[in-house]
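For reference, the structure is listed below as structure tokens.
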Amino acid sequence: GHTRVIFRVVYLPEGDRVITCSQDKTVRLAVIREAKSGGEIRHSIETGKWVFSLCFSPSGVKIATGHIDATVRVFNVATADLVLGPIEGHEDYVTSVLWSLDGSHLFSGSTDCTIRIWDSDTGDPVGEPWRENTDGITSLALSLDGTRIASASRDATVPSWDTDSGSQVGEPLEHKGSVYALAFSPSGEFIATAGDDETVSIWRAPWWDETQK
């Protein structure tokens, strides 16, 4: 149903619905009946701006989206209504958004080289922006226990952060080119990264040994 580039595809927790965001300024929610027969579009959310990123709240009730106009918006899944935002504070594209495990905060990464935290009820900023990457942030990933965030960047590094303090954890992982994708393993022990150097690298999380102690 999209008419331009699709940037992200995400499943709802139950696995029977999928949501996509696009350069056509829409977010589309589809119900997946059978994997072989495709899906039925439940509804389309007109956002008015390119949508680079999206994520679900832990309950699956809300969707957070990151936009080309440097804002974050929050929509109700069932009604498609805007319930929060636009949340302003970034100075460039918002390329990634994440929800904290308890649903109280939103994390956003941007090509302005910062990660910002927001109160998910009010949209107010929480603390100061995190600054370690020296070029645009392309993606964020949250560890399964919710205590760490890793950020991929065009500066070829992947630093990790403590979600409570905002302090960097360990040394950044390093590629030989811009990094565009990353994911935690199910156990949380490993981080997979991929980028312009045409490699997929798997790393042990910098904090893993200390965590196990």
Side-chain angles (χ1 to χ4, degrees), residues 4-8 10 21-27 47-57 62-75 82 84-100 104-143 146 148-184 191 193-197:
R4 300 191 70 180
V5 175
I6 296 170
F7 291 114
R8 295 288 169 94
V10 179
C21 65
S22 169
Q23 195 179 56
D24 67 7
K25 305 178 184 178
T26 69
V27 172
T47 67
K49 301 291 181 180
W50 287 15
V51 191
F52 283 121
S53 56
L54 76 163
C55 66
F56 287 107
S57 63
K62 299 176 183 178
I63 308 164
T65 55
H67 297 265
I68 193 172
D69 65 352
T71 65
V72 175
R73 292 168 168 82
V74 178
F75 298 89
L82 178 69
L84 184 64
I87 301 171
E88 299 178 341
H90 280 293
E91 298 176 359
D92 211 337
Y93 307 166
V94 177
T95 55
S96 190
V97 286
L98 295 174
W99 228 292
S100 63
S104 64
H105 296 107
L106 283 164
F107 301 92
S108 57
S110 169
T111 49
D112 68 6
C113 307
T114 69
I115 299 170
R116 293 175 182 263
I117 310 174
W118 315 93
D119 184 297
S120 63
D121 290 325
T122 65
D124 294 333
V126 178
E128 295 297 318
W130 303 350
R131 301 177 186 272
E132 174 62 29
N133 294 108
T134 57
D135 203 341
I137 292 171
T138 57
S139 187
L140 301 176
L142 182 68
S143 64
R148 302 285 189 267
I149 281 181
S151 60
S153 171
R154 293 196 300 241
D155 67 9
T157 70
V158 180
S160 297
W161 312 81
D162 182 287
T163 54
D164 288 331
S165 67
S167 59
Q168 189 177 337
V169 181
E171 294 298 318
L173 312 177
E174 295 189 7
H175 271 259
K176 295 181 179 179
S178 298
V179 186
Y180 290 103
L182 75 165
F184 282 93
I191 303 172
T193 58
D196 271 349
D197 59 8

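Starting from 1, each residue takes its place in the sequence as its number.
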Check: Are any non-hydrogen side-chain atoms of R154 and Y180 less than 4.5 angstrom apart?
Finding: yes
Next item on the list: Check whether any side-chain N or O of T111 sits under 3.5 Å from a backbone N or O of G136 as a donor-acceptor pair, and report yes or no.
Entry: no
Checklist line | By salt bridge (charged side-chain N to carboxylate O under 4.0 Å, His left out) - contacts of R8 (at least two apart) | finding: none
Next item on the list: Compare every heavy atom of L84 with every heavy atom of L82, then report the nearest pair and how far apart it is.
Entry: CD1-O, 3.4 Å
Next item on the list: Just jot down the salt bridge (charged side-chain N to carboxylate O under 4.0 Å, His left out) partners of D69, sequence neighbours excluded, or say none.
Entry: R73
Notebook entry, point to check: Is there a donor-acceptor contact under 3.5 Å from the side chain of S100 to the main chain of S104?
Noted result: yes
Item checked: Separation between CD1 of I191 and CG of L182, rounded to the nearest 0.5 Å -> 7.0 Å
Margin query: Could you check whether atom CZ of F52 has more than 12 heavy atoms from other residues, nucleotides or ligands sitting under 6.0 Å from it?
Written below: yes
Notebook entry, point to check: side-chain contact (heavy atoms from CB on, under 4.5 Å) with I117: which residues, sequence neighbours excluded?
Noted result: H105, F107, V126, W130
Notebook entry, point to check: By ring-ring contact (aromatic ring centres under 6.0 Å, His included), which residues pair with F75, not counting sequence neighbours?
Noted result: none
Next item on the list: May I ask you to decide if L173's main-chain N or O and T157's side chain share a donor-acceptor pair within less than 3.5 Å?
Entry: no
Margin query: Determine whether a donor-acceptor pair (N or O, by modelled atom type, separation under 3.5 Å) exists between the side chain of D155 and the backbone of T134.
Written below: yes
Margin query: Let me confirm one number: the NZ-NE2 distance from K25 to H67, rounded to the nearest 0.5 Å.
Written below: 12.0 Å
Check: Under 3.5 Å, is there a donor-acceptor pair between the side chain of S178 and the main chain of D196?
Finding: no
Check: Do the side chain of T138 and the main chain of V179 share a donor and acceptor less than 3.5 angstrom apart?
Finding: yes
Notebook entry, point to check: Is there any salt bridge (charged side-chain N to carboxylate O under 4.0 Å, His left out) pair reaching into residues 159-175, and which pairs are they, with sequence neighbours excluded?
Noted result: R148-D162
Next item on the list: Would you list the pairs meeting salt bridge (charged side-chain N to carboxylate O under 4.0 Å, His left out) in which at least one residue belongs to residues 85-99, sequence neighbours left out?
Entry: none
Margin query: Can you give me the closest heavy-atom contact between S108 and V94, atom names plus distance?
Written below: CB-CG1, 4.0 Å
